[in-house]
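Not measured: the values here are computed from a predicted model.
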2 protein chains.
Amino acid sequence: MAAGALTAEEILAATEGVLRRYGPAKATVVDVARALGVSHGSVYRHFPTKAALRAAVTRRWLDRNHAGLAELAAEDSPAPERLRRWLAALFEAKRRKALDDPELFATYTVLAGESDTVVGEHIDALLGEIALIIADGVAQGAFAPCDPQVTARAVLDATGRFHNPLYAAEWSAPEIDTAFGAVCSLVLAGLRATG
Amino acid sequence: MAAGALTAEEILAATEGVLRRYGPAKATVVDVARALGVSHGSVYRHFPTKAALRAAVTRRWLDRNHAGLAELAAEDSPAPERLRRWLAALFEAKRRKALDDPELFATYTVLAGESDTVVGEHIDALLGEIALIIADGVAQGAFAPCDPQVTARAVLDATGRFHNPLYAAEWSAPEIDTAFGAVCSLVLAGLRATG
DNA sequence: GGACTGACAGATATTGAAACCTGTCAGTCC
DNA sequence: GGACTGACAGGTTTCAATATCTGTCAGTCC
């Protein structure tokens, strides 16, 4: 559709559009090719399988939504408030996506469920950022000594209700902010004095 | 099938059998009636709708699995270790169900997803037990002062990965016990010194 | 008289044939 | 020669006809 040769980038953009229009169940590789004005064989020159194409779209989406969080984690500020803002930012980003366009969010939730690998890498990135903040906090003396890796996992697990898409339906409930605040406080208090 | 008049109890037992054999998608009221040797009209004398029948089966199952937990919560022992044992018992009960008979567990997970009310009551019961332990802990001086209701919710939320059926697939992973221990320790440390 | 039956209407699920999709590859075109 | 096409085999999805199910109720039976 664009200038000369077909690029992976163009295919990904077209695939996003097709997914948006038809949903994850009905979007086909033929639809993507049609949107680009090429044969579907051309798409297979750039992506080995439909699953790989969908995984690539998922990775793009995850990366885009994740922008900004890494910077926040690396900020030079007291670890406790930094962790709280980081968790709040993660929750807020996901919640906005889920509430602004529920269908698109559902589409990407399905896609994410298809490729463990992509999701696993995303989670590893999040864990790394939490571990960074925790290590800083221990160095600052704000958190009790601990294994940052293991504790980062505990923090991510404990806040699952506020980032795991499985819970998206609960994110519009009025008491969700209270619940988020309570879990955050509990986790931060726990970090201050881990047993 | 049994002695004289058809009882709700017999219908529930027969329904469990039918669900076990055919799964949640294919089990019908006609199947239940056939298993009991009666017409399906008789079943509707005891339960107004199929949904109500399924909700009753779900409640029974939840209650049965919950047996023992309430006693544990009411025990006369230090709150921190009591809470840890209570959480471990909850996790262990769910995990055993999920691993012993995955199909049956999946069946009941589907059923639970159908009736918010029944699940809500079950969660309220769990929250009450946690709140009881927390209130005891505050009275004992082991936990920092807090609103037991709100904090109970935070504890249940924070440990969601270890009791919410949505996570059942992860319960056979080797590192799950480490993760459980880490979250428990974090939560208990948080209760000791809530901010 | 009250527990139960069985036939019924409308809604939902099953089935099998036809349409479509995925992934491949020999061949076309610059 | 490398990007692209288009026809193809095998597998999956769709669609409409058919069968089954849910929930009701007038009537049967002890």
* Nearest whole angstrom, please: distance from the P of C:dG23 to the CZ of A:Arg54. => 11 Å
* Structure fact -> Rounded to whole Å, the OH-C1' distance (A:Tyr44 to C:dA26) equals 18 Å
* Distance-only polar pair, side chains of A:Arg95 and A:Ser172, donor-acceptor under 3.5 Å -> no
* Evaluation steps, side-chain contact (heavy atoms from CB on, under 4.5 Å), between B:Ile130 and B:Trp86 -> CA-CA 8 Å; B:Ile130 300 177; B:Trp86 188 92; 3.6 Å; yes
I want to verify a distance call: between [options], whose nearest atom is closest to the [X] side chain?
X       : options               : result
B:Lys26 : D:dG23, C:dT14, D:dG6 : C:dT14
A:Ser39 : D:dT24, D:dT5, C:dT5  : D:dT5
A:Arg45 : C:dT22, D:dT22, D:dT5 : D:dT5

* Is it possible for you to say whether A:Ile134 and A:Ile123 belong to one hydrophobic cluster, with membership spreading through side-chain heavy-atom contacts below 4.5 Å? => yes
* Side-chain donor or acceptor of A:Arg82 paired with backbone N/O of A:Ser77 under 3.5 Å -> yes
* Asked: Just by modelled atom types, is the B:Arg161 backbone N or O under 3.5 Å from a matching donor or acceptor in the B:Trp171 side chain?
  -> yes
* **Intra- and interstrand pairs of DNA chain C - dot-bracket, Watson-Crick/G-U under 3.5 Å, | marks other strand** => ||||||||||||||||||||||||||||||
* Where does the angle between the aromatic ring planes of B:Phe91 and B:Phe180 fall among parallel (under 30°), tilted (30 to 60°) and perpendicular (over 60°)? -> tilted
* Asked: Should the pair B:His66 and B:His122 be assigned to parallel (<30°), tilted (30 to 60°) or perpendicular (>60°) ring geometry?
  -> perpendicular
* Structure fact -> Comparing B:His40 with B:Ala25, nearest DNA chain C nucleotide closer to 5' gives the residue B:His40
* Structure fact -> The single option from A:Thr107, A:Asp101, A:Thr15 that satisfies side-chain hydrogen bond (donor to acceptor under 3.5 Å, both in side chains) with A:Arg20 is A:Asp101
* Asked: Is any side-chain heavy atom of A:Asp31 less than 4.5 Å from a side-chain heavy atom of A:Arg21?
  -> no
* Does anything in residues 110-119 of chain B reach DNA chain D, meaning a heavy atom under 4.0 Å, and if so which residues? -> none
* Asked: Contact class for B:Val30 vs. all strands (heavy atom < 4.0 Å): base, sugar-phosphate, or nothing?
  -> base
* To do: Classify the nucleic acid contact of B:Thr28 as base, sugar-phosphate or nothing, counting any heavy atom under 4.0 Å across all strands shown.
  => sugar-phosphate
